[in-house]
Amino acid sequence: MASYRSITWMGDRLRLLDQRRLPAEVQYVDLATCAEVAGAIRDMAVRGAPAIGAAAAYGLALAARTAPGGSPEAALAAVEEGASLLKAARPTAVNLAWAVERVLSRARERPWPSAAALAAAVEQEATAIAQEDVDTNRAIGRHGLALVPEGARIVHHCNTGSLATVDYGTALGVIRAAHEAGRNVHVYVDETRPRLQGARLTTWELAQLGVPHALIADGAAAHIMRTQGVDLCLVGCDRVAANGDVANKIGTYALALAAAAHGVPFYVAAPTSTIDLTTPTGDAIPIEERDPGEVLYVGETAIAPAGTKVRNPAFDVTPARYVTAIITEFGVVRPPYEEGLARIIDLARAARSQGGVR
Ligand code: MRU
């Protein structure tokens, strides 16, 4: 496990490793209200689909604890209000809505004898989501291992490690599992404009894990594939549609096109909580557009003339035909995705009804 933790529940508040400050400073922020958690998700103090899901679940625990009035009805109303606030914080990663809905259904499960009983149930569900995420990621790592040959040269986009999850990571979890298995992997780390999750966060994690890597500008990936050779691309995901289209950090689609042009397998690591069978295709996935300042500035420095118009889609959709396989905690799904994804979701439901991740 990582020596740092993106999310820690402190009993009466949520502690987040502030990802906006990395790698310059390791600093934690403590949040005492649901509104503060929603703000931290929006501002990306916490980020990465599974991490924002778990943080939101704890946000609801804070909503229940701090509800005014003292009755179970008032606590439920506060949780419901918090749920709407949290779901609106970032629209693309379905893990956020998934975690919020899961906690909400626990809160609505029965009439609770007191506000404290409801708050305890909500907190327990949030903790279950956080703990399951770690097991899920380790299982993704185990399944993904079969796809990583000895000495693999891998391109990775954005950050999908311990920081983006509760621990271990999804795509970075596969890389980590391969490294731990002695596969001698080397990672080309896409810097990931404009928020630089690759440059700031993935290199920070890989250095601590001792995984050999080189940082590249996003536009360099195709050149490296053609001139140096790349064995596979590994990325995470914010939402998988029922047909296998995947939404992930902006730049993922361009990487997938380059991979297809060079015959490089393109793998997506995603827990089943990222699979959304109610979204038929990628066209129905809401794409978050963020502040123009993210493109116009690097840190405090303006990199374009004042007044320059900006488009800043934070995610893109990679059509299913460019995705070689999707690695989940229940196994690797290959095309045709409609059947494979439906089957894996059935497996996940069955495992959950038996009280375990798998
Ligand atoms: O905007 P971010 O940094 O939250 O985007 C993160 C990604 O796109 C990740 O690839 C995705 O959430 C999967 S993280 C395990």
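All ligand and atom numbering here is 1-based and tracks the order in the structure.
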Side-chain heavy atoms of V122 within contact of R106, under 4.5 Å:
no
Please determine if H157 has a nitrogen or oxygen closer than 3.5 Å to a nitrogen or oxygen of ligand 1.
no
With heavy atoms and a 4.0 Å threshold, my read on which part of K249 contacts ligand 1 is both
Do ligand 1 and N248 have nitrogen or oxygen atoms that lie under 3.5 Å from each other?
yes
Atoms in ligand 1 flagged as close to Q197, the criterion being non-hydrogen separation under 4.0 Å
1 (O), 2 (P), 3 (O)
Counting only heavy atoms, which portion of R195 has something under 4.0 Å from ligand 1: side chain, backbone, both, or neither?
neither
Ligand 1 contact on A49 by region, counting heavy-atom pairs under 4.0 Å:
both
Indicate yes or no: at least one non-hydrogen side-chain atom of D18 is less than 4.5 angstrom from one of Y28.
no
So is R90 touching ligand 1 or not, going by heavy atoms under 4.0 Å?
yes
For ligand 1, the portion of C237 having any non-hydrogen atom under 4.0 Å away:
backbone
Indicate yes or no: does an N/O atom of N159 lie under 3.5 Å from an N/O atom of ligand 1?
no
Between the side chains of D276 and T278, is a donor N or O closer than 3.5 angstrom to an acceptor N or O?
yes
Any N or O of A164 closer than 3.5 Å to N or O of ligand 1:
no
Could you tell me, atom by atom, which parts of ligand 1 come under 4.0 Å of a heavy atom of C158?
5 (O), 6 (C), 7 (C), 8 (O)
